[in-house]
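Single-structure report; data block below.
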Protein chains: 2
Amino acid sequence: MPTIHQNSTSGDSTRERILMEAGPIFAGKGFRATTVREICEQANVNVASINYYFGDKRQLYHQTVVLAREMRVEQVPEPKWSSTTDPEEKLLDFITLILRRLVAMQTEPWQVRLLMREILEPTETCKHLVEEYFRPFFNTLCGIIDDLVGYRLPEHTRNKIGFSIIGQCLYYRFSAEMTRLMIEQQDYVDQYDLDNLAQHVYLFSLGGLKHYQSVDESTLKSTSTTDQ
Amino acid sequence: MPTIHQNSTSGDSTRERILMEAGPIFAGKGFRATTVREICEQANVNVASINYYFGDKRQLYHQTVVLAREMRVEQVPEPKWSSTTDPEEKLLDFITLILRRLVAMQTEPWQVRLLMREILEPTETCKHLVEEYFRPFFNTLCGIIDDLVGYRLPEHTRNKIGFSIIGQCLYYRFSAEMTRLMIEQQDYVDQYDLDNLAQHVYLFSLGGLKHYQSVDESTLKSTSTTDQ
DNA sequence: TGCTTTTCCAAACAACTGTATTAAACACTT
DNA sequence: AAGTGTTTAATACAGTTGTTTGGAAAAGCA
């Protein structure tokens, strides 16, 4: 097993070059389909460099995913709220934040595609992502939901509402290419920009939230026959 | 190029065996990571059989995806509605149908995972799926939405509402493994069965729909500054 | 039965895979 | 300038990849 060499001096070093070139390639084709030779060729380094700097292909992949998440968070930072910001505004801001992180309208960010892969087919790296990023992120959303409802909802209800909001946003990233096959090209350009989508998800979710709240809790428990 | 031999007599033929064994493997690891040798070993046939019956690996993959869709639709057929069925009931039925097709609670169906891959990274096969399946399916949902609202919504509004409903359902398939990392194991068993999820998505969406409807159309157009 | 077509198989093919080895080039300190 | 540890590069290695081949076995049919 080769010893891993951490080149702490950042910049245009070989290590950095590999890391930056590996990202888009892993994102585009997945771990398995990506070859170390392709990365090295793209980064203009020798094939042996990956093993020299990262030990093996897997560890390079792990580093790439972690970096991708950090980059994306840095590219699209969380909004700052004052103590007086009302929860409705927070919700819209948060939905906009999710969509902004997920779908960059102009150039599809490879960072997101890489993270999508981890969500769909988690490797060991995914546990790291959940603890470091997804969980605290999700908790912020749950806090907003509680504020909107006015009291603390049961855990599972609150979570499901959170998932409903995130699910809507994720749809436009996960199924983007298929959606484009479904609707008119011009419609996609005109009606599916970031603000349009955010506005829609906001209105739809706010309605869902209020309606959910107004429904008697007993109704939720009435139908409970499980099949399939 | 080898000539493709269509073995029309179905049953336990070599061709059928390859097709059935290839499905779960493609679903589990994707096209590229799957090796023809693994499929053949699993199906107890010679390595040359795939090229003999399907031409090459790609065409086998295509056939597998098409078959997977047909199987899943057959496994979970659409509900029958009478002319007097009210749209609320139709919506709940339809949401249940989507969830039932997506998430089989006991054994995760490989057919769905295979179709997920096509949605996420469309190949040529995806066009076939959209035209043959997704579009008519989506149109049924849009019809229900129109019935609920009482009149025909603008195309893009109606579509977005449809995507919001489908997005929520898709979430529980796409992000299932990550969601399990997020919440308590016991909660997942108790609160995330099919009926619970269907009930939640139904209530949330109905609320979203009604609220959306009540909002003045002009408000939708007010915020239109696009950044990012 | 003899002949033809279909199906199957063992082996080989050439290209590609991740990784290891080795030595040369480099940047530093002394 | 010599000696130090670090970085790069060419090449080899052992294994896997999808596909092809030529002939054997089986099936269909007269």
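Because the structure is a prediction, the values reported are computed rather than measured. All chains are named by letter (A, B, ...) in the order of the sequence lines, taking the proteins before the strands, and each is independently numbered beginning at 1.
At dT7(C), one or more side-chain N or O atoms of Y52(B) fall inside 4.0 Å of OP1 or OP2 (strictly under the cut-off). Contact check, S49(A) against dA9(D): no side-chain N or O comes under 4.0 Å of OP1 or OP2.
With T123(B) as reference, E118(B) is the one residue of H62(B), E118(B), R117(B), R58(B) to meet the side-chain hydrogen bond (donor to acceptor under 3.5 Å, both in side chains) rule.
When the ring-ring contact (aromatic ring centres under 6.0 Å, His included) test is applied to F138(B), the partners found at least two apart in sequence or on another chain are F163(B). Every residue meeting the salt bridge (charged side-chain N to carboxylate O under 4.0 Å, His left out) condition with E38(B), not counting sequence neighbours, appears here in chain and number order: K29(B). P109(B) is linked by a side chain to side chain contact (heavy atoms under 4.5 Å, CB included) to R72(B), A104(B), Q111(B), V112(B), counting only residues two or more places apart in sequence or in another chain. Judged as a ring-ring contact (aromatic ring centres under 6.0 Å, His included), and not counting sequence neighbours, Y172(A) has no contacts. In this structure E177(B) satisfies the salt bridge (charged side-chain N to carboxylate O under 4.0 Å, His left out) test together with R113(B), sequence neighbours excluded. Listed by chain and residue number, F174(A) satisfy the ring-ring contact (aromatic ring centres under 6.0 Å, His included) test with F174(B) (two or more places apart in sequence, or in another chain). Y61(B) is linked by a ring-ring contact (aromatic ring centres under 6.0 Å, His included) to F26(B), F31(B), counting only residues two or more places apart in sequence or in another chain.
We find that CG of N51(A) is positioned 10 Å from P of dG18(C), with the value rounded to whole Å. Summarising the geometry, the separation between CZ on R17(B) and C1' on dC9(C) is reported as 14 Å, rounded to the nearest angstrom. As rounded to whole Å, 13 Å separates atom P of dT20(D) from atom CD1 of I50(B). Distance Y53(A) OH to dG18(C) P: 20 Å, rounded to the nearest Å. Nucleotide dT19(D) holds its C1' atom 16 Å from the CZ atom of F54(B), rounded to whole Å. We find that CZ of R15(A) is positioned 14 Å from C1' of dT7(D), with the value rounded to whole Å.
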Problem set entry | B/S/- contact track for nucleotides 10-17 of chain C, protein heavy atom under 4.0 Å | BBB----B
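Side-chain contact check for R101(A) versus E78(A): some heavy-atom pair is nearer than 4.5 Å. Contact annotation: the side chain of L97(B) approaches that of F94(B) to within less than 4.5 Å [non-hydrogen atoms, C-beta and beyond].
Side-chain contact annotation: Y171(A) with T179(A), donor-acceptor N/O pair under 3.5 Å present. Neither side chain, Q199(B) nor D195(B), offers a donor N or O lying under 3.5 Å from an acceptor on the other.
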For nucleotides 23-29 of chain D, print each protein N/O atom paired with a nucleotide N/O atom at under 3.5 Å, atom names and distance only.
none

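If you check residues 38-45 of chain B against DNA chain D, you find no residue with a heavy atom closer than 4.0 Å.
When base pairs are accepted only as Watson-Crick or G-U wobble with both N-N or N-O distances under 3.5 Å, DNA chain C takes part in stems of 3 or more pairs at C:2-27 with D:4-29.
Sorted by first and then second residue, the salt bridge (charged side-chain N to carboxylate O under 4.0 Å, His left out) pairs with a member in residues 40-54 of chain A form an empty list; sequence neighbours excluded.
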